[in-house]
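Read the structure below first, then the notes.
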Amino acid sequence: MNQELAKIFFEMAELLEMKGVQFKPRAFEKAAHSVEALDEDVKDIYEKRGIRALEEIPGVGKGIAERIEEYVKHGQIKDHDRLKKEMPVDVSGLTAIEGVGPKIIKTLYKKLKIKSVKDLEKAAKAGKLRNLPRFGEKLEQKILKGVEFQKKSAGRMNIGEAMSLARKIIEYLKNIPGVERVEAAGSLRRWQESVGDLDFLAISSKPKEVMDKFVSMPDVESVYARGETKSMVRLRGGIDADLRVLAHESFGSALQYFTGSKDHNIALRKIAIKKGYKLNEYGLFRGKKIIAGHDEKEIYQKLGLDWMPPEMRTNSGEIEIAQKHKLPKLIDHGDLKGDLQTQTDWSDGANSIKEMALEAKRLGHEYIGITDHTKGLAMTGGADDKKLLRQMAAIDKLNKKISGIKILKGAEVNIGKEGSLDISDEVLAKLDFVGCAIHSHFNLSEGEQTKRLIKAMQNPHIDIIFHPTTRIPMRREPIKLDFERIFKVAAETGTIMEIDAHPWRLDLHDELIRMAKKFGVRFMIDTDAHSVAELSYLEYGIAQARRGWAEKSDIINTLPLKKLLELLKKPKSKRFK
Ligand code: DGT
Ligand code: CA
Ligand code: CA
Ligand code: ZN
């Protein structure tokens, strides 16, 4: 229920914003972020522990808790319905398009009765947008580009959403009597940033029962096919899922086959053929005799390869180095010692510094870096020099009170159009570490954009570039950058590149991580959390790093606190030499 509810709250925030209501939109947005990232379902929280427990969710006050209660009880929220009646538009669809916000949606609806992305595309193609107040041809083109970009990823689901959905289904399947094992395969097991459908594999002594239960899960919207050993369903979340029940002796080969990628499988099959074998989802065969199938590792070994993590299986060189037994040892889940990009209620986060620190401690971190926005990002209430100094004093105080976690003083300094920073060097010098990021002027030319970022990297106080390409998966294209130059300068100046782990960032992403590593660039994996719940997102960044073949030593926040501080003390150009 969390995802549904988060979607409603996001929509209410946008609808209230359109009406020009103050403050409330931010409250709904914060609650949406918080609910979206919760482990426990709000329905369970409410049914087990009542409305009081709902109020304890960060970013959820009394008013919002009552609406959650209303939704659990009645499946709808009256205020939401009322808002929708006034403005019956597909808010989440429209706002997902780059350049389209609440104000624009309002104008589009009032002037042209545009309700959906389809309506919008039609109007833009007909040149009807440019004449609207404050629109113009440039915005019309931008919107059209946004629509096209989104079409490319239509029908796919973000990894964060897909993973939490899949985990729930796996738990459900594991609890069915007779089920011995359940695994997710496909793009999800490879931690690809977007997922087309979910592929589940199971071993069970009672396949029929598993199929019955699978097709009648509460999440199922419709059933495409129900067979003895294979079923396919449509889930309410808007994605399809397959389940196959297998015998022990072919589970490994099925897991290998259905994990893919397809290109990786085709390359493997060629190797098998060369050796005189046959490879398919039922096993590796010599003639009619099965020589491997029970275990995935065995398949690779019999083909003369080392086993490799699913994240690497893209047929982009991994097979060749597995044949030479030279696979890298990838950074692993559990290797990180802390999180160095987090926002608090000092800017646009939902929680206090203390709450964030205590949650980081609970997660087993040694340190947490607080990096609130700066004044260039005015809508977040970002800090100027003075406010940042006050925050630093507050963190010093907290560090004296709290044990078991070190709070590091940082900032997410805003990069201006020409690469200027909005905090003075004097104050930057006082922070434990400094990140900076681009949040505006996304449409500059490659030359201008590259120059802009290089200028920021050349500042001796800037330790790290946060979400370097500013892209948003399935929503916003990356800014144009000359990555060879960027990574060269990053390596020369000792500027760290972030792997932003937030599932709606993943920036740098796999391919760029692999490229940057070749230049000797170092990385940090951070959550970009804006609430305590989002501090759990590190795993998505680790997965991207693994997809980018990064090793533990490439990632700065695998260092324990003491080593990290020693590193940060050195002048940045000498850190990695
Ligand atoms: P998705 O669902 O689009 O995010 O991507 P996948 O990789 O999960 O693809 P899916 O669900 O169509 O199929 C799961 C796996 O099954 C795929 O990764 C590799 C394997 N597979 C599917 N079709 C073929 C095929 O035509 N040839 C080979 N060799 N393998 C295939
Ligand atoms: Ca799939
Ligand atoms: Ca599939
Ligand atoms: Zn923020």
Nearest-0.5 Å distance that lies between atom [atom1] in [X] and atom [atom2] in [Y]:
X: Leu279; Y: Tyr277; atom1: CG; atom2: OH; answer: 11.5 Å
X: Asp242; Y: Tyr224; atom1: CG; atom2: OH; answer: 10.0 Å
X: Arg234; Y: Ile239; atom1: CZ; atom2: CD1; answer: 8.0 Å
X: Trp504; Y: Glu161; atom1: CH2; atom2: CD; answer: 6.0 Å
X: Thr371; Y: Leu340; atom1: OG1; atom2: CG; answer: 8.5 Å
X: Leu38; Y: Gln3; atom1: CG; atom2: CD; answer: 10.0 Å

Salt-bridge present ([X], [Y]; N to O < 4.0 Å):
X: Arg514; Y: Glu511; value: no
X: Lys151; Y: Glu121; value: yes
X: Arg52; Y: Glu56; value: no
X: Asp90; Y: Lys115; value: no
X: Arg82; Y: Asp79; value: yes
X: Asp332; Y: Arg546; value: yes
X: Arg226; Y: Asp212; value: yes
X: Glu14; Y: Lys7; value: no
X: Arg189; Y: Glu296; value: yes

- Query: Does the cation-pi check pass for Arg475 over Phe149, that is, NZ or CZ under 6.0 Å from the six-membered ring centre and within 45° of its axis?
  - Reply: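 No; the conditions do not both hold, so Arg475 does not lie above the ring face of Phe149.
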- Could you walk me through whether Lys324 and Asp306 pass the salt bridge (charged side-chain N to carboxylate O under 4.0 Å, His left out) test, one step at a time? CA-CA 8 Å; Lys324 290 183 197 143; Asp306 288 341; over 6 Å; no
With a 4.5 Å heavy-atom cut-off, do [X] and [Y] have their side chains touching?
X: Lys78; Y: Glu70; answer: yes
X: Ile525; Y: Leu538; answer: yes
X: Leu508; Y: Glu498; answer: no
X: Glu228; Y: Met211; answer: no
X: Phe251; Y: Arg181; answer: yes
X: Ile68; Y: Leu5; answer: yes
X: Leu120; Y: Ile97; answer: yes
X: Glu311; Y: Arg190; answer: no

Under a 3.5 Å distance rule, please check whether [X] uses its side chain to pair with a backbone N or O of [Y] as donor and acceptor.
X: Ser352; Y: Glu355; answer: yes
X: Asp510; Y: Gly548; answer: no
X: Arg471; Y: Arg505; answer: yes
X: Gln192; Y: Ser194; answer: yes
X: Thr229; Y: Val245; answer: no

- Message: Between Glu171 and Arg167, is the salt bridge (charged side-chain N to carboxylate O under 4.0 Å, His left out) condition met? List the steps.
- Response: CA-CA 6 Å; Glu171 266 319 293; Arg167 281 177 177 157; over 6 Å; no
- Report the C-alpha distance between Gln256 and Tyr300 in whole Å, list the side-chain angles of each, state the deciding distance to 0.1 Å, and finish with yes or no for side-chain hydrogen bond (donor to acceptor under 3.5 Å, both in side chains). CA-CA 9 Å; Gln256 193 290 312; Tyr300 284 94; 3.2 Å; yes
- Query: Side chains of His467 and Gln341: donor-acceptor distance under 3.5 Å anywhere?
  - Reply: no
- Item | Lys278, NZ atom: more than 12 neighbouring heavy atoms under 6.0 Å | no
- Residue Asp39 excluded, over 12 heavy atoms near CG under 6.0 Å: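 Incorrect, the count does not exceed 12.
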- Go through His248 and Glu180 one step at a time and tell me if the side-chain hydrogen bond (donor to acceptor under 3.5 Å, both in side chains) criterion holds. CA-CA 10 Å; His248 274 279; Glu180 269 176 54; 3.0 Å; yes
- Task: May I have the step-by-step check of side chain to side chain contact (heavy atoms under 4.5 Å, CB included) for Leu83 and Met12, ending in yes or no?
- Result: CA-CA 7 Å; Leu83 286 165; Met12 288 179 77; 4.3 Å; yes
- Task: With salt bridge (charged side-chain N to carboxylate O under 4.0 Å, His left out) as the test, would you mind laying out the steps for Lys174 and Glu183 before giving the verdict?
- Result: CA-CA 10 Å; Lys174 277 187 174 161; Glu183 299 287 345; over 6 Å; no
Report all side-chain donor-acceptor pairs from residues 281-290 shorter than 3.5 Å, counting only partners two or more places apart or in another chain.
none

- Message: Can you tell me which residue among Asp345, Val532, Ile405 is in a side-chain contact (heavy atoms from CB on, under 4.5 Å) with Met356?
- Response: Val532
- Please assess Tyr71 against Gln76 for the test side-chain hydrogen bond (donor to acceptor under 3.5 Å, both in side chains), listing each intermediate value before the final yes or no. CA-CA 5 Å; Tyr71 191 73; Gln76 57 192 51; over 6 Å; no
- Task: Determine, step by step, whether His80 and Glu11 satisfy the side-chain hydrogen bond (donor to acceptor under 3.5 Å, both in side chains) criterion, reporting the C-alpha distance in whole Å, the side-chain angles of both residues, the deciding distance to 0.1 Å, and the verdict.
- Result: CA-CA 8 Å; His80 176 238; Glu11 189 165 270; 2.7 Å; yes
- Message: Suppose we call two aromatic rings close when their centres sit under 6.0 Å apart. Are Phe10 and His33 close by that rule?
- Response: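 That pair passes the under 6.0 Å test.
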- How about His325 and Trp307: are their ring centres within less than 6.0 Å of each other? no
- Begin with the C-alpha distance, continue with both residues' side-chain angles, and end with the deciding distance and a verdict on side chain to side chain contact (heavy atoms under 4.5 Å, CB included) for Val147 and Val117. CA-CA 7 Å; Val147 171; Val117 177; 4.3 Å; yes
- Message: If you apply the rule side chain to side chain contact (heavy atoms under 4.5 Å, CB included), what do you find for Ile542 with Leu336, and how did you get there?
- Response: CA-CA 9 Å; Ile542 295 169; Leu336 296 182; 3.8 Å; yes
- salt bridge (charged side-chain N to carboxylate O under 4.0 Å, His left out) evaluation trace for Arg362 with Glu359: CA-CA 5 Å; Arg362 195 187 68 80; Glu359 175 64 8; 3.0 Å; yes
- Query: Among all residues two or more places apart in sequence or in another chain, which pass the side chain to side chain donor-acceptor pair (under 3.5 Å) test with Thr527?
  - Reply: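 Partners of Thr527 by the side chain to side chain donor-acceptor pair (under 3.5 Å) criterion, ordered by chain and then number, come out as Asp339.
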